[in-house]
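Structure, as structure tokens:
All figures in this text were calculated on a predicted structure; none of them were measured in a lab. Remember, it's 1-based here, ligands and their atoms both numbered in the order they're listed.
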Amino acid sequence: MADYKHRIVIVGGGFGGLAAAKALKGVDAEIVLIDRRNHHLFQPLLYQVATAALSPSEVAWPIRHLLRRQENVRVLMATVVGVDKDKHTVLLEDGSSEPYDTLILATGAQHAYFGNDQWEAFAPGLKTIEDATAIRRKLLLALEAAERETSPARRRALLTFAIIGAGPTGVEMAGAIVELGHASIKGQFNTIEPHDLRVVLIEGADRVLGNFKPELSTYTLRALEKMGVEVELGQVVSEIDADGVSFGEKRIETKTIIWAAGVAASPVAKWLGVEGDKAGRVKVEPDLSLPGYPEIFVIGDVASVLQDNGKPVPGVAPAAKQAGQHVARLLRQQLAGEGARPPFRYQHAGDLATIGKSSAVIDFGWTRLKGWFAWWVWGFAHIYFLVETRTRIFITMSWLWIYLTGQCSARLITHGMAPEKKPLDEVDEE
Ligand SMILES: Cc1cc2nc3c(=O)[nH]c(=O)nc-3n(C[C@H](O)[C@H](O)[C@H](O)COP(=O)(O)OP(=O)(O)OC[C@H]3O[C@@H](n4cnc5c(N)ncnc54)[C@H](O)[C@@H]3O)c2cc1C
């Protein structure tokens with residue numbers, strides 16, 4: 001690698017970090033991208049891996065491969081555990097460190113259990129490929145165990161799936177589980193029927209998709225109910241254990257609970273020794289730099305910054321991408337000797353969510369779409385934003401196949417063999 005005078009370290013190869021690295025192509029600086037994983041993940045389609053519609057390699061790509069054409073980029077697989085702002089170094093888990101002239105922190109968010117971290121063992125969230133394949137395994141094993149179960153109460157618990165949180169991920173998971181159950185049970189199992197499946201979506205607010213316009217929430221609620229999803233609104237979960245979930249006066253016996261209720265920023269505020277907002281995000285200047293440290297930028301889900309309308313920039317993929325591109329533009333200007341640092345201006349394209357494989361809701365702000373047409377728009381939008389041509393073709397083919405046949409081809413139980421024959425001791429026989 002050439003001898004560069006400036007070193008830009010980017011931590012995180014997600015939407016924000018990758019966009020920044022790409023937009024810095026050809027600048028006269030060494031760019032070091034550090035990620036604890038070797039792949040960039042397209043999280044918006046992760047629920048399709050969890051529900052066996054897509055395979056992991058259709059939603060994730062090696063970061064090295066994505067940046068292979070950029071001569072000024074080095075990719076390091078390592079976990080960052082801190083930042084020394086005075087020495088201008090990033091501290092790594094193995095005790096080593098990486099020096100920087102400019103630092104871009106883009107480490108995203110993680111699940112938050114609102115002080116009930118013990119729930120994580122029973123109600124995994126969806127954030128990584130491992131989370132998605134673990135949830136897929138849980139879903140498919142529950143069907144296999146139900147096929148062999150002779151107790152009606154235990155079988156009912158095995159065929160009950162609870163999702164906590166009715167934002168886009170919760171809604172998408174609920175619809176996809178119904179469809180997975182129907183597609184895999186029909187004609188392929190002997191003792192269980194598609195109508196035995198029970199999917200319960202639990203939400204603390206009084207409507208699903210709280211960020212969307214109320215008319216789209218109402219439409220989504222009806223569409224979910226039509227699919228057979230039981231939606232419990234205004235219900236705050238009080239307990240989760242190995243055999244079920246409790247809220248209000250109710251208790252649902254289930255072996256499969258999925259957490260889609262909350263996220264918090266990764267611990268960047270702690271690394272920087274600053275106070276985060278209530279979701280742990282770092283409050284940044286309008287140009288996305290850390291107050292008092294113009295050489296440190298914080299972007300994406302881990303940053304807290306307001307739009308011109310006074311509302312916070314949302315924690316969504318386009319916002320992280322645009323932030324990465326904004327910082328890259330500033331750095332290009334800085335390296336070219338220009339001093340201007342314009343503020344970050346986020347352009348919101350719209351909010352999208354699918355409800356099963358043939359319905360969706362989209363709020364563009366200026367117009368709203370719902371139903372079958374919205375689903376096609378959602379599909380095209382996601383294919384457009386995917387990273388590689390190969391993936392675009394593969395996913396289009398997979399979706400067409402599922403659309404025409406109803407069959408999910410990635411129904412593989414990995415990381416283990418037959419389901420444990422472990423009775424649900426706490427479930428009363430009826
Ligand atoms: C299930 C799910 C569905 C979603 N659906 C949508 C959607 O439909 N539309 C939408 O716009 N947004 C969606 N989002 C949100 C969107 O994915 C995020 O807003 C976006 O990924 C944020 O980008 P980011 O760059 O800030 O972080 P990320 O994309 O999360 O990237 C963070 C990167 O940092 C790395 N990292 C973290 N900690 C460390 C560390 N200590 N050391 C080294 N590397 C580290 C991670 O490995 C990761 O690669 C969804 C999110 C999830 C979880």
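Using bins of under 30°, 30° to 60° and over 60° for the plane-to-plane angle, the ring pair W61/F42 lands in the perpendicular bin.
Remark: ligand 1 atoms within the under-4.0 Å shell around heavy atoms of A78 are 42 (N), 43 (C). Taking every heavy atom of T169 and a limit of under 4.0 angstrom, the matching atoms of ligand 1 come to 1 (C), 2 (C), 3 (C).
Closest protein heavy atom to atom 38 (N) of ligand 1: R36 CZ, 3.3 Å. Of all protein heavy atoms, the one lying nearest to atom 10 (C) of ligand 1 is A317 N, 3.5 Å. In terms of protein heavy atoms, atom 51 (C) of ligand 1 is closest to Q43 OE1, 3.3 Å. At the top of the distance list for atom 19 (O) of ligand 1, counting protein heavy atoms only, stands D301 OD1, 2.8 Å. Of the protein's non-hydrogen atoms, V80 N, 3.8 Å is the one closest to atom 40 (C) of ligand 1. Ranking the protein heavy atoms by distance from atom 21 (O) of ligand 1 puts F15 CD1, 3.1 Å first.
Residue contacts with ligand 1, taken as heavy atom pairs separated by less than 4.0 Å, involve D35 via backbone and side-chain atoms alike. By the criterion of a heavy-atom distance under 4.0 Å, the side chain of A320, and not its backbone, is placed next to ligand 1.
The closest approach between any non-hydrogen atom of W271 and ligand 1 is below 4.0 Å. Using a non-hydrogen distance threshold of 4.0 Å, L126 registers as a contact of ligand 1. The closest approach between P168 and ligand 1 stays at or above 4.0 Å for every heavy atom of the residue.
Compare L76, T107, V316, L41 by their heavy atoms: the one nearest to atom 39 (C) of ligand 1 is in T107. Distances from atom 8 (O) of ligand 1 to the heavy atoms of P44, S266, G13 show the closest one on P44.
Using modelled atom types, one finds no donor on one side chain facing an acceptor on the other under 3.5 Å when comparing E120 with H111. When only modelled atom types and interatomic distance are considered, S97 and T89 share no side-chain donor-acceptor pair under 3.5 Å.
Between W271 and the choices V80, V90, L91, V282, the side-chain contact (heavy atoms from CB on, under 4.5 Å) rule is met once, by V80.
Between the NE2 atom in H39 and the OG atom in S57 there is a gap of 11.5 Å [rounded to 0.5 Å].
Of the charged side-chain nitrogens involved, at least one lies within less than 4.0 Å of a carboxylate oxygen, so that R345 and D308 count as a salt-bridged pair.
For atom 14 (N) of ligand 1, the nearest protein heavy atom lies 4.0 Å or farther away.
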